[in-house]
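See below for the structure under consideration.
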Amino acid sequence: MSKVRVRFAPSPTGGLHLGGVRTVLFNYLFAKKNGGEFIVRVEDTDQARFVQGAEEYIFDCLTWCGIKVDESVITGGPFAPYRQSERKELYKTYADKLIADGHAYYAFDTPEEIETMREKRKAEGSGSLQYDAGIRLHMNNSLRLVPQETQALLDAGTPYVIRIKVEPSETISFTDMIRGELHFENANVDDKVLMKADGMPTYHLAVVVDDYLMKISHAFRGEEWLPSAPVHILLWKHLFGLDAMPQWAHLPLILKPDGNGKLSKRDGDRLGFPVYAMDWRDPKINEVTKGFKELGFLPEAFLNMLAMLGWNPGTEQEIFTIKELIEAFSIDRVNKAGAKFDFEKAKWFNHQWIQKLPISSYQLQVKKLLAKQEIIITDDIYFEKVLNLVKERCTLLSDFYEQAGYFFKAPITWDVDAVKPKWNDDKNNFFIGFIEVIKKQANFIATDMEISFKALATEKNIKPGELQLPMRIMLVGSKFGPAVFDIAEMIGKDETISRIQKALSVFEN
RNA sequence: GCCGUGUUGGUCAACCGGUUAAGACGCCUCCCUUUCACGGAGGAAUAACGGGUUCGAUUCCCGUACAUGGUACCA
């Protein structure tokens with residue numbers, strides 16, 4: 001087999017969708033598994049949908065994910081340029097060749113004309129219009145016109161598109177790496193536009209030309225492309241020969257968790273989870289859509305979760321580093337059916353990864369996160385201890401604020417409802433006494449504290465258990481967190497005393 | 001409508017003709033913990049339907065149903 005070269009070909013039209021990242025991942029895993037190269041080619045042929053900043057954003061997402069790109073607009077490479085808008089002239093020469101060989105033709109029908117025809121067909125209830133062998137001789141194109149007429153229109157600068165001429169009696173067959181043998185009747189495929197009136201190629205022409213020129217060996221893309229695969233194959237056949245064609249792999253779709261359909265940005269907004277890899281600010285409406293990164297996901301978890309959506313190793317292992325994924329990945333274990341996205345499972349992956357990774361790999365992010373809440377870390381050793389103490393309670397990085405905040409800031413509100421109903425003078429006195437005990441304690445450590453706490457409780461004839469919850473509320477403000485005495489030890493003697501005193505005054509009222 | 005693809009618990013899924021039909025998420029119960037989690041032990045919950053093929057079908061084939069994608073001078 002010749003050198004493995006795969007490509008991710010995004011259009012810079014908006015945020016990078018989950019499904020997009022998964023396509024990247026599978027491309028990448030396959031390439032690295034086989035010692036190949038991963039290329040990113042920007043497919044910016046639609047000038048109307050182009051969005052400023054989207055291209056840069058896509059690369060930022062890949063960087064966050066830790067995906068290294070071998071060739072792209074950023075890194076350059078032997079097949080530059082990697083932006084289709086900069087290769088515009090190229091496509092025209094291939095389109096011309098197609099016309100010369102009788103595999104394509106000029107069409108002068110205006111979009112408006114086609115549109116009205118379409119509406120008419122729809123009104124008649126005869127399905128949508130297919131510009132194909134059955135109709136093309138009734139349309140305004142170089143197949144119907146005599147050469148002189150065509151030339152005259154061309155010379156006059158009449159806007160035109162170039163369409164592929166699909167011969168209706170053939171059958172296209174090809175092997176998809178995921179789906180196996182596939183057959184399409186040409187009669188069902190229409191004469192797709194190859195070159196638009198603005199001189200830009202459509203996706204159909206551009207992918208084929210660029211995959212050939214960039215020596216792509218395997219083409220991974222979403223299942224939504226399956227219906228247009230015959231057009232691409234026809235183009236390969238006419239232009240470069242089927243032997244040079246990459247092997248196709250049409251990936252299953254990622255679907256909405258609830259209803260039906262492909263997962264979209266709107267579903268995320270509606271159901272309260274991100275769909276984009278990173279925060280995306282749409283410059284047109286100046287609105288930010290939340291991303292997995294900003295919500296508190298670790299890239300390792302994000303990728304791991306995506307890998308298990310549509311692929312599985314056939315073993316019980318679920319947690320994979322990217323290295324392990326490369327090792328384990330195989331195309332024939334990719335599923336055919338679409339998978340519904342499950343945000344709960346996604347969070348579970350993140351929780352696993354927070355436990356698995358050393359604190360050092362996300363410490364800085366947590367620090368920034370706390371800084372936003374006006375908690376400034378000055379003692380890194382203390383900080384690390386805190387993180388280790390609370391990490392198993394954190395599912396998202398953002399959970400660290402709630403789980404670790406009280407180690408740096410005394411509570412300002414207390415869950416008094418958890419204490420008040422059972423609060424009495426005896427308990428009040430206990431804590432006053434306990435402060436004195438603490439003051440005398442030479443080594444302020446959890447185990448010693450617990451012993452003296454229990455001893456004093458017994459002496460005062462109160463069950464220790466009834467005192468631990470109030471103590472927790474005093475230190476934390478609420479009913480969560482690690483063992484109370486561990487917290488006390490961590491924040492230190494003075495802080496512990498001060499928090500008890502403060503809370504005592506609150507409880508009295 | 002037409003064309004394509006798909007269909008194992010609520011979700012992700014294993015099994016590639018013979019299994020008590022794995023495992024994970026979520027859910028429930030109990031234990032641990034007089035907090036919240038983690039952890040541990042259990043539990044409920046699955047082969048869309050109908051025909052074939054076969055000694056035997058969840059597994060292969062054909063229908064039906066349902067889902068999903070395409071049907072753009074968008075990708």
Side-chain angles (χ1 to χ4, degrees), chain A residues 9-13 43-46 48-49 107 109-111 114-115 118 121-122 125-131 159-163 176 178-179 182-185 187-190 192-204 206-207 221-230 250 252-253 255-258 260-262 305 308-319 332-333 335-349 351 355 390-395 399 402-403 415 418 463-469 471-473 476 478-484 487:
Chain A
S11 307
T13 54
E43 310 222 327
D44 55 346
T45 53
D46 187 350
R49 289 208 310 153
D109 321 276
T110 65
I114 302 259
E115 189 50 39
R118 232 173 231 133
R121 299 274 297 222
K122 220 173 188 176
S126 49
S128 56
L129 173 76
Q130 180 162 297
Y131 202 122
Y160 66 87
V161 298
I162 295 175
R163 308 188 87 114
D176 184 277
I178 295 169
R179 286 152 217 284
L182 263 14
H183 309 279
F184 294 84
E185 299 294 332
N188 294 319
V189 347
D190 58 342
K192 282 263 175 311
V193 170
L194 264 20
M195 293 292 291
K196 304 185 243 187
D198 65 0
M200 279 289 194
T202 58
Y203 171 84
H204 307 296
V207 237
R221 46 157 47 158
E223 192 187 344
E224 69 268 26
W225 289 109
L226 209 44
S228 48
H250 289 90
L253 265 14
L255 310 170
K256 300 178 202 286
D258 59 350
N260 314 313
K262 203 157 63 147
M305 173 273 289
M308 305 308 286
L309 215 49
W311 173 85
N312 78 83
T315 66
E316 286 187 9
Q317 185 177 357
E318 285 196 273
I319 302 300
D332 43 53
R333 295 208 64 92
N335 289 112
K336 294 185 182 77
K340 286 185 184 166
F341 176 65
D342 181 359
F343 190 51
E344 291 305 319
K345 185 85 188 220
K347 286 194 289 191
W348 176 80
F349 275 106
H351 182 259
Q355 315 318 313
V390 304
K391 69 175 181 183
E392 65 188 21
R393 278 150 234 272
C394 297
T395 295
D399 293 337
E402 184 182 48
Q403 294 296 336
D415 185 355
K463 281 186 200 151
E466 284 188 27
L467 294 161
Q468 281 199 27
L469 186 63
M471 172 97 169
R472 169 175 301 281
I473 306 291
V476 179
S478 193
K479 284 199 286 186
F480 63 87
V484 233
I487 298 171

Within this structure, what is the [atom1]-to-[atom2] distance between [X] and [N], rounded to whole angstrom?
| X | N | atom1 | atom2 | result |
| --- | --- | --- | --- | --- |
| A:Arg179 | B:G4 | CZ | C1' | 10 Å |
| A:Leu469 | B:A37 | CG | P | 14 Å |
| A:Met200 | B:A72 | CE | C1' | 17 Å |
| A:Met471 | B:U33 | CE | P | 19 Å |
| A:Gln403 | B:C38 | CD | P | 11 Å |
| A:Glu224 | B:U71 | CD | C1' | 14 Å |

Proximal nucleotide (of [options]) relative to the [X] side chain:
| X | options | value |
| --- | --- | --- |
| A:Ala339 | B:C36, B:A24, B:A13 | B:A13 |
| A:Lys336 | B:G6, B:G26, B:A22 | B:G6 |
| A:Trp225 | B:A75, B:A13, B:G70 | B:A75 |
| A:Asp46 | B:C3, B:A14, B:A75 | B:A75 |
| A:Lys262 | B:C25, B:G69, B:U7 | B:G69 |
| A:Arg49 | B:A75, B:U5, B:C73 | B:A75 |
| A:Asn312 | B:A14, B:C12, B:A37 | B:A14 |
| A:Ser11 | B:A24, B:A75, B:A14 | B:A75 |
| A:Gln468 | B:C25, B:U34, B:U35 | B:U34 |

Exercise for the section: Check for a donor-acceptor pair, side chain of A:His250 on one end and backbone N or O of A:Glu224 on the other, with a separation under 3.5 Å. Expected result: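 Flag not set: sc A:His250 to bb A:Glu224 has no pair under 3.5 Å.
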
Problem - Quiz item: cation-pi between A:Arg393 and A:Phe480, 6.0 Å / 45° - result: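 No, A:Arg393 does not lie over the aromatic ring of A:Phe480.
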
Practice task
Tell whether A:Lys192 reaches the base of B:A72 with its side chain through a donor-acceptor pair below 3.5 angstrom.
Solution key: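 Side chain to base: no pair below 3.5 Å.
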
Handout entry: Side-chain donor/acceptor of A:Arg393 to base of B:C38, under 3.5 Å
Key = no

For a quick check of understanding: with a heavy-atom distance under 4.0 Å over all strands, which category does [X] fall into, base, sugar-phosphate or nothing?
| X | result |
| --- | --- |
| A:Phe341 | nothing |
| A:Val193 | sugar-phosphate |
| A:Leu129 | sugar-phosphate |
| A:Gly261 | sugar-phosphate |
| A:Asn335 | sugar-phosphate |
| A:Thr110 | base |
| A:Ala197 | base |
| A:Ala418 | nothing |
| A:Leu182 | sugar-phosphate |
| A:Pro482 | base |
| A:Asp109 | base |
| A:Arg221 | nothing |

Handout entry: Short side-chain N/O contact to B:A72 OP1/OP2 from A:Thr202, under 4.0 Å
Key =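 Answer no for this pair, as no side-chain N or O of A:Thr202 is under 4.0 Å from OP1 or OP2.
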
Exercise for the section: Taking only the side-chain nitrogens and oxygens of A:Lys196, find out if one of them lies under 4.0 Å from OP1 or OP2 of B:C74. Expected result: yes

Handout entry: Derivation and outcome, salt bridge (Lys or Arg N to Asp or Glu O under 4.0 Å), residues A:Asp46 and A:Arg49
Key = CA-CA 6 Å; A:Asp46 187 350; A:Arg49 289 208 310 153; 3.5 Å; yes

Hunt down the Watson-Crick or G-U wobble partner of [N], both distances under 3.5 Å, from any strand shown, or write none.
| N | result |
| --- | --- |
| B:C74 | none |
| B:U11 | B:A24 |
| B:G63 | B:C49 |
| B:G69 | B:C3 |

